[in-house]
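Below: one structure, written as C-alpha cells.
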Protein chains: 2
Amino acid sequence: MPDHLQPAFRALADPTRRDILRMLGDRPMTIAEVSDQFDMTRAAVKKHLVMLSDGGLISVEARGRERVNSLKPEALKPVMDWLGWFDQFWDVRLDALKAAIEEGNDNEQATEQQGPHDD
Amino acid sequence: MPDHLQPAFRALADPTRRDILRMLGDRPMTIAEVSDQFDMTRAAVKKHLVMLSDGGLISVEARGRERVNSLKPEALKPVMDWLGWFDQFWDVRLDALKAAIEEGNDNEQATEQQGPHDD
DNA sequence: TCTATATGATACCCTTTAGTATCACGTCAA
DNA sequence: TTGACGTGATACTAAAGGGTATCATATAGA
C-alpha cells in the first residue's frame, strides 16, 4: 500500500494550513488575500499553500498576475476513508460499554479502556 | 477555537504511526512487539508511541515490566468531525455534477468548477 | 540473590519544517 | 514606457522530527 495520502496527511498536520483550508471553503483567495489573514510574511503563507497543493487539497489557477487558490474538498475523501476504517472499533466499544451499563456495572474491568478522560 | 486536535493531527502525519494504529487495531501490543514489525530501533518506535499517546490515539497500560499499548479509536472522532465539515462542499459539487448530467449538458459553464482534472 | 529482559531516559546526529529577508520577474495601469 | 503591484525564487536561521547509540532501572524467573 503506497502511502499516496501521505502528502495530504502532512498538509493537514499544521494548524495554519487547516485554517487556510477553512478560509478557502468560504471563497477562493489570492496569496495576498490569504496572507492578510495571518501574522506572517507572504512567503511563509506561500510555502503553506505549496504544501496544500502538494497534498492535492487546493488548486492554484493563474489569473493575470494573481494566483487564485481554490479548495479541492474531494482530496479529503481518501483521508476520511482511511480514518473511517477505525469506525469498526469504536462502534464495538460503544456497544460493549452500552452492554456493560445495561448489565449493571460490577464486572467493569473490561470497560475501563474507554475511560472518560477525554480532555 | 483552541487547536486541541493538533496533537492528533500531528500524530497522524507520519506513516509509521498510522501503521502502528492499524496494527493496534488487531490487538494491544507491547513496545517490543510493535518494534518487531518495523525496521527501526525500539527507541524510535517508542517515540512514535509517545506521540500517539500525546494525541490520545493510544493508551499505555503498565503490566509488570511491560507496557501494553492499546488503540483508542474514539480519539479519531474529533478528527473525523473536523474533516466532515468539508462534506458540505463536495456534496454540493457532486450534486451540481449530477444535476448537470441529468439535465443534459449544453448549458454547462456553471459546472466547470468540478471539471475532470481529478488526477 | 543473580541474571536476563522490557522498558525509560538521554545525548547526539541529520533532515525537514516554519519562518524571515531579499531580489528578480511578469503584469496592470497611467 | 514607466512604475506600482502580485508573485516566484533563493538563501538563510531556528526549531522540530525521525533516527541511533548508550546507560540506568525495574521486574520475572531460576
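A, B, ... follow the sequence lines: proteins, then strands. Residue 1 opens every chain. These numbers come from a predicted model, not from an experiment.
- What separates CD of Glu61(B) from C1' of dT7(C) is a distance of 15 Å, to the nearest Å.
- Between the side chain of Gln6(A) and the backbone N or O of Gly55(A), no donor-acceptor pair lies under 3.5 Å.
- Within residues 25-37 of chain B, no residue is approached by DNA chain D to less than 4.0 Å at the level of any non-hydrogen atom.
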Look for any protein N or O under 3.5 Å of an N or O in nucleotides 16-19 of chain C and output each such pair with its distance, or none.
residue	atom	partner	partner atom	Å
dA18(C)	OP1	Asp14(A)	OD2	3.4
dA18(C)	OP1	Arg17(A)	NH2	3.3
dA18(C)	OP2	Arg17(A)	NH1	3.0
dG19(C)	OP2	His48(A)	NE2	2.4
dG19(C)	N7	Lys47(A)	NZ	3.0
dG19(C)	O6	Lys47(A)	NZ	2.0

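- Classified by interplanar angle (parallel below 30°, tilted 30° to 60°, perpendicular above 60°), the ring pair Phe89(A)/Trp85(A) is perpendicular.
- Taking five base pairs at each end of the helix from dT1(C)-dA30(D) to dA30(C)-dT1(D) and finding the rotation axis that steps the C1' atoms of four pairs onto the next four gives two axes whose angle is 30°, to the nearest 10°.
- Following rounding to the nearest Å, Leu49(B) (CG) and dT7(C) (P) show an atom-to-atom distance of 10 Å.
- Looking at residues two or more places apart in sequence or on another chain, you find a salt bridge (Lys or Arg N to Asp or Glu O under 4.0 Å) between Arg18(A) and Asp3(B).
- The two residues Gly25(B) and Leu71(B) have their closest heavy-atom pair at CA-CD2, 3.7 Å.
- The phosphate of dG8(D) (OP1 or OP2) has a side-chain N or O of Lys46(A) nearer than 4.0 angstrom.
- When all heavy atoms are compared, the tightest approach of Leu57(B) to Ala11(B) is CD1-CB, 3.7 Å.
- Looking at Gln37(B) and Asp19(B), their side chains never come closer than 4.5 Å, going by heavy atoms from C-beta outward.
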Requested in this report: Would you give a per-nucleotide map of nucleotides 22-30 of chain C, 5' to 3', where B means the base has a protein non-hydrogen atom under 4.0 Å away, S means only the sugar-phosphate does, and - means neither?
Outcome: ----BBS--

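- In this structure, Asn69(B) atom CG and dA6(C) atom C1' are separated by 12 Å, rounded to whole Å.
- The closest side-chain heavy-atom distance from Arg17(A) to Phe9(B) is not below 4.5 Å.
- Across all their heavy atoms, Ser35(B) and Arg42(B) have their closest contact at OG-CA, 3.5 Å.
- Nearest approach of Arg67(B) to Ala62(B), heavy atoms of both residues: CD-CA, 3.8 Å.
- For residues 24-38 of chain B, every residue pair satisfying the salt bridge (Lys or Arg N to Asp or Glu O under 4.0 Å) rule, not counting sequence neighbours, is listed here: Arg27(B)-Glu33(B).
- Put simply, the side chain of Val60(B) does not reach to within 4.5 Å of the side chain of Leu49(B), judged on heavy atoms.
- The one candidate from Ile58(A), Ile20(A), Leu52(A) that meets the side-chain contact (heavy atoms from CB on, under 4.5 Å) condition with Asn69(A) is Ile58(A).
- In this structure the side chain of Leu21(B) reaches within 4.5 angstrom of the side chain of Leu12(B), judged on heavy atoms.
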